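Beneath this line is the structure, given in structure tokens, with notes to follow.
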Amino acid sequence: MTVDSPVRPLKVAVVGGGPGGLATAIALAKIPKVEVTIYEKNKILREVGAGININQNTWNVLELLGAAESLTSGHPTLTVLSLNGRTGEELHRVERSDKGCHTTIRTQRTKLQSALLAHVKPNILQLSKKLERIEDVGDHGVRLYFADGAIESADLVVGADGIHSVVRDCAWPTYEIKFTGTTIWRALLPRSELKALDPRFDITAWWHLPTSHVYFSPVGEGFSEIAARELQDPKIHGASKASWGVPVTNEYVESHFTEYLPQIQAAIKKIPTGAWREFAAFAGPELTQLTAWNNKVALVGDSSHALSGAFGSGAGFAMEDGWILAQALAYFTNDLSKALPLFDEIRLPYYRKMYAHLEEQATLMEERLQLLQTPSEEDKIDSKVIKAGGRNMDWIYENHIGKIWDEVIKRFEFQKQTIQ
Ligand SMILES: Cc1cc2nc3c(=O)[nH]c(=O)nc-3n(C[C@H](O)[C@H](O)[C@H](O)COP(=O)(O)OP(=O)(O)OC[C@H]3O[C@@H](n4cnc5c(N)ncnc54)[C@H](O)[C@@H]3O)c2cc1C
């Protein structure tokens with residue numbers, strides 16, 4: 001759809017006020033003749049979960065959004081350890097030096113959200129707006145139906161509504177996500193309490209057993225995060241796993257980690273009653289297009305690539321998506337028929353590479369275990385850790401979405417000149 005009229009702005013509905021939705025709205029609000037509204041289902045904008053990594057790629061996009069300076073707290077994560085959760089043996093150590101102008105940090109999720117929110121224009125965020133479905137109304141764009149009975153319309157709907165996306169369910173009706181078997185429990189605790197149990201709890205580290213791990217990391221402002229996860233058989237546990245940020249009892253969490261070192265069990269026991277939140281990890285296959293309904297729907301963030309936090313940088317990916325979508329719209333002066341295919345062209349191969357990487361890693365781990373024929377518990381732990389490290393992941397963690405965009409534009413301008 002081309003917007004010819006100088007009067008009517010392009011109406012964009014962003015569904016979801018997570019990192020992807022907020023970043024998309026910030027970037028879109030800078031484009032002339034774009035009217036953007038964020039519809040968020042929660043009464044108050046809140047981030048569930050504990051900490052989040054801000055890698056160089058995420059800093060790069062925060063800079064482009066103008067929000068980097070608003071993120072002022074966090075803990076540097078240049079040293080990252082992997083240890084055996086039963087013996088305490090150090091299995092792997094990563095010592096990083098920053099290549100960009102910001103230090104890689106782990107921060108509280110709420111801090112990232114506040115930093116973004118500070119740059120969202122007033123009055124464009126509508127809360128308590130739970131989307132129930134969208135409808136393709138041809139030349140009239142897309143109609144949005146909300147749980148409170150309201151009906152809105154838009155020229156473009158951006159699905160930033162996370163892994164259980166309603167926008168995706170409507171526009172990609174055959175797409176399915178499945179429980180991966182991994183359940184994650186997360187909570188925050190005063191940093192000093194953890195450090196007193198074991199000084200290594202003050203370093204960002206994974207403590208592994210064959211089918212589970214416990215992650216410790218300071219997250220700034222005197223707090224540390226514990227994120228404990230366990231893999232269960234999805235065939236047995238799949239049916240009941242719809243939880244995301246759901247409170248669970250301490251006894252329930254503790255019962256999954258009884259084989260760990262005493263100080264790890266003691267750390268888990270320190271979490272105050274009612275503070276644990278459970279997250280069931282879902283994942284889905286690669287999409288062949290991130291846009292639908294003849295360029296009237298686009299997906300950003302977790303809705304478009306259900307990777308279940310696999311690279312620990314999903315908030316960065318979501319913000320990169322939103323920023324690129326806005327650049328494409330600005331470049332083609334809000335012509336959706338040109339901008340959305342360009343968005344697909346830039347972001348699809350990136351996600352394809354991630355899916356391919358995960359597949360390769362799973363095969364490698366399988367092969368390693370098969371070579372060992374009857375692997376011991378320790379072999380299984382080692383094989384997990386090798387899986388996590390070893391590869392150069394600069395294409396993710398050093399990604400500079402601004403430079404990617406500059407290259408695309410250079411190519412476009414070059415093509416224009418050669419045609420003339
Ligand atoms: C265990 C774990 C650890 C992770 N660690 C990291 C990390 O360290 N660094 C990192 O960058 N990423 C990490 N991620 C990934 C990251 O959390 C996500 O990729 C990121 O939050 C995706 O942002 P989003 O905006 O796409 O979706 P979300 O953050 O899920 O936001 C979606 C928003 O849409 C709203 N919404 C949902 N449905 C509707 C509806 N029907 N109507 C209206 N609103 C709706 C929700 O309330 C929510 O506000 C991790 C993920 C997991 C599971």
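Counting convention: from 1, in listed order, for ligands and their atoms alike. FYI, the numbering just counts along the sequence from 1. Everything numeric here is computed off the predicted structure, so don't read it as measured data.
Separation of atoms CG (N60) and CD (E398) is listed at 8.0 Å; rounding is to 0.5 Å.
If you look at Y39 next to ligand 1, the close heavy atoms, those under 4.0 Å, all belong to the backbone. Counting heavy atoms closer than 4.0 Å to ligand 1, residue A160 contributes backbone atoms (N, CA, C, O) but none from C-beta onward. Counting heavy atoms under 4.0 Å from ligand 1, residue N42 touches it through the side chain alone.
When R106, H305, E40 are ranked by how near their heavy atoms come to atom 48 (C) of ligand 1, first place goes to E40. When I163, L45, D169, L131 are ranked by how near their heavy atoms come to atom 40 (C) of ligand 1, first place goes to L131. Of the candidates G16, G51, A306, A50, it is G16 that places a heavy atom closest to atom 34 (O) of ligand 1. The nearest non-hydrogen atom to atom 13 (C) of ligand 1, considering only H164, R109, E132, E225, comes from R109. For atom 36 (N) of ligand 1, the nearest non-hydrogen atom from the set I54, N53, D161 comes from D161.
Residue K41 has at least one N or O atom closer than 3.5 Å to an N or O atom of ligand 1. Looking at ligand 1, you won't find any N or O of R229 less than 3.5 Å from one of its N or O atoms. In terms of polar-atom proximity, defined here as any N/O pair under 3.5 Å, V15 makes no such contact with ligand 1. Among the atoms of R186, none of the N or O lies under 3.5 angstrom from an N or O of ligand 1. The shortest N/O to N/O separation between G312 and ligand 1 falls below 3.5 Å. At a 3.5 angstrom cut-off on N or O pairs, V166 does not count as close to ligand 1. For the pair I184 and ligand 1, the shortest N or O to N or O distance does not fall below 3.5 Å.
Without hydrogens or angle criteria, K296 side chain to G138 main chain gives a donor-acceptor distance under 3.5 Å. Distance alone, capped at 3.5 Å, is enough to place a donor-acceptor pair between the D335 side chain and the S337 backbone.
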Run F257 and W185 through ring-ring contact (aromatic ring centres under 6.0 Å, His included) and show every step you take.
CA-CA 11 Å; F257 300 95; W185 298 278; 5.8 Å; yes

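With sequence neighbours left out, the side-chain hydrogen bond (donor to acceptor under 3.5 Å, both in side chains) criterion links T37 to no other residue. With sequence neighbours excluded, no residue forms a side-chain hydrogen bond (donor to acceptor under 3.5 Å, both in side chains) with E89.
Every atom of ligand 1 is numbered from 1 in the order shown, and the set under 4.0 Å from a heavy atom of K129 is 42 (N), 43 (C). Of all atoms in ligand 1, numbered sequentially from 1 with element shown, those under 4.0 Å from a heavy atom of G316 are 11 (O). Numbered from 1 in the order shown, with element, the atoms of ligand 1 that lie under 4.0 Å from a heavy atom of G301 read 26 (O).
Ligand 1 lies less than 4.0 angstrom from a heavy atom belonging to P19.
The 12-atom threshold is not exceeded at CG of N123, counting heavy atoms of other residues, nucleotides or ligands nearer than 6.0 Å. Around atom CD of E132, more than 12 heavy atoms belonging to other residues, nucleotides or ligands sit under 6.0 Å away.
Between W206 and H208, the ring planes are parallel. Angles under 30° get that label, and only those over 60° would be called perpendicular. Relative orientation of the F216 and F201 rings is parallel, given thresholds of 30° and 60° on the angle between their planes.
Between the side chains of S313 and N57, at least one donor N or O sits under 3.5 Å from an acceptor N or O.
Exactly one residue among F311, Y355, Y351 makes a ring pair (Phe, Tyr, Trp, His ring centres under 6.0 Å) with H305. That residue is Y351.
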